[in-house]
2 protein chains.
Amino acid sequence: MELAEGKQKFIEAWGKLGSEWGINRTMAQVHALLLISPEAMTTEEIMEQLSISRGNANMTLRDLIGWGLIEKQHKAGERKEYFYAEKDTWAIARQVAQERKKRELDPVIKILNELTSVKGDEKDPEYKTFKTSVTNINKLAKNVNKTLDTMLKAEENWFWNSIFKIFK
Amino acid sequence: MELAEGKQKFIEAWGKLGSEWGINRTMAQVHALLLISPEAMTTEEIMEQLSISRGNANMTLRDLIGWGLIEKQHKAGERKEYFYAEKDTWAIARQVAQERKKRELDPVIKILNELTSVKGDEKDPEYKTFKTSVTNINKLAKNVNKTLDTMLKAEENWFWNSIFKIFK
DNA sequence: ATAAACTTTCAAAAATTTTTGAAAGTTTGA
DNA sequence: TCAAACTTTCAAAAATTTTTGAAAGTTTAT
């Protein structure tokens, strides 16, 4: 396979994966483009390579910065802004996990906690089932939360070595 | 908080979480409704409780069965189909992980493998960066894959105990 | 102060996803 | 065989998400 074709396929695959996981496809594609680019790129170049509008490029780049996946770079003597992506895969995974935890898991855990305080008649099957389900999901959510927290602090090798030691 | 209000909030929260993770909101809501219901429910009841159309209810229920999250139940002497949800949280998490792995991770791993065969000039920075990124992501994907496989086979307590032994 | 170079905004348009509901299909019992 | 009871289908409509692009905003150099 040629490099150009490979790049195209990589960008497509990354975009599809993103959209399946609730991340805007363009955002994933811009990230993919920067991931395989040796040099930082300008908004202009990104617009051209992916055939997207200026507004779209700008918002997407802003979002990616918000996710901590790319950074702005300034070249001496130039006014243009350049963007480049963190290329350490473990760092990317950690960053994404951290953001999603903060944005999505944390709010749900908050609601689940509130829901454990719902009062009712212990003999009412409706109440009992509700209570049991909420309590169990709450436990799972807290475990996931705890595990993520530890993962996020962990160093790459340490993490994987530990995982493999158990799961072998 | 009253039970009725709690139910409502739970269904909403579950729906929102679902939509943030690329799962249709209605599907997550139907799942939530069945999760906290002590009895199996008919399509009719689900339609009414969530104010959704017959067609939507039918398709959603079919999808949930496809995900292995709910099951059809037949009551003796009745023609109606009843639906009930698996209530073991660990089983739900495992089921979802398994489905997503099969539907989304596996295809990406296949493409990444193909992309490692892209040929080019080792001195070309474009080629080198592409190669390195693809290789690293491929490694991470395979590790995730392996870990998931083992998780999916693991029993609940065994899994969590192990995780906590490391992450403490 | 001005203008060129560049970035950001956002209302409207396009694309995509989800929902509806009536019609078609199926199963069962009499 | 018929018709009632129930389920499935799917084209069209509605809702939602994403994208566009021109105008407004900002920064910098002279």
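Quick note on labels: first sequence line is chain A, next is B, and so on, each numbered from 1. This one's a predicted model, so the numbers in the text were calculated from it and none came from an experiment.
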Original post:
Looking at B/Val108, B/Thr132, B/Leu115, B/Leu112, which one forms a side-chain contact (heavy atoms from CB on, under 4.5 Å) with B/Ile137?
Top reply: B/Leu112
Subject >> Cation-pi geometry met for B/Arg100 and A/Trp21 (6.0 Å, 45°) >> reply: yes
Subject >> Touch class at under 4.0 angstrom, heavy-atom based, for B/Asn58 against every strand present >> reply: base
Original post:
Looking across every strand, which nucleic acid part, if any, lies under 4.0 Å from B/Ser51 by heavy atom: base, sugar-phosphate, or nothing?
Top reply: sugar-phosphate
Subject >> Check ion pair B/Glu104-A/Lys16 (N to O, under 4.0 angstrom) >> reply: no
Original post:
Want to settle it: does A/Glu81 or B/Ile52 sit nearer the 5' end of DNA chain C, counting the closest nucleotide to each?
Top reply: A/Glu81
Subject >> DNA chain D: 5'-most and 3'-most nucleotides touching chain B, 4.0 angstrom heavy-atom criterion >> reply: D/dA4 to D/dC10
**OP:** Is it possible for you to check whether B/Arg103 lies under 6.0 Å from the centre of the six-membered ring of B/Trp67, through NZ or CZ, and within 45° of that ring's axis?
**Re:** yes
**OP:** Starting from the 5' end of DNA chain D, give me the residue, B/Thr43 or B/Met59, whose nearest nucleotide shows up first.
**Re:** B/Thr43
Original post:
Can we say B/Glu12 and B/Lys9 salt-bridge, meaning some charged N sits less than 4.0 Å from an Asp/Glu carboxylate O?
Top reply: no
Subject >> Complementary nucleotide for D/dA22 - Watson-Crick or wobble, under 3.5 Å >> reply: C/dT9
**OP:** Using a heavy-atom cut-off of under 4.0 Å over every strand shown, decide if A/Asn56 touches base, sugar-phosphate, or nothing.
**Re:** base
Original post:
Is a donor on one side and an acceptor on the other found under 3.5 Å between the side chain of B/Lys75 and the backbone of B/Tyr82?
Top reply: no
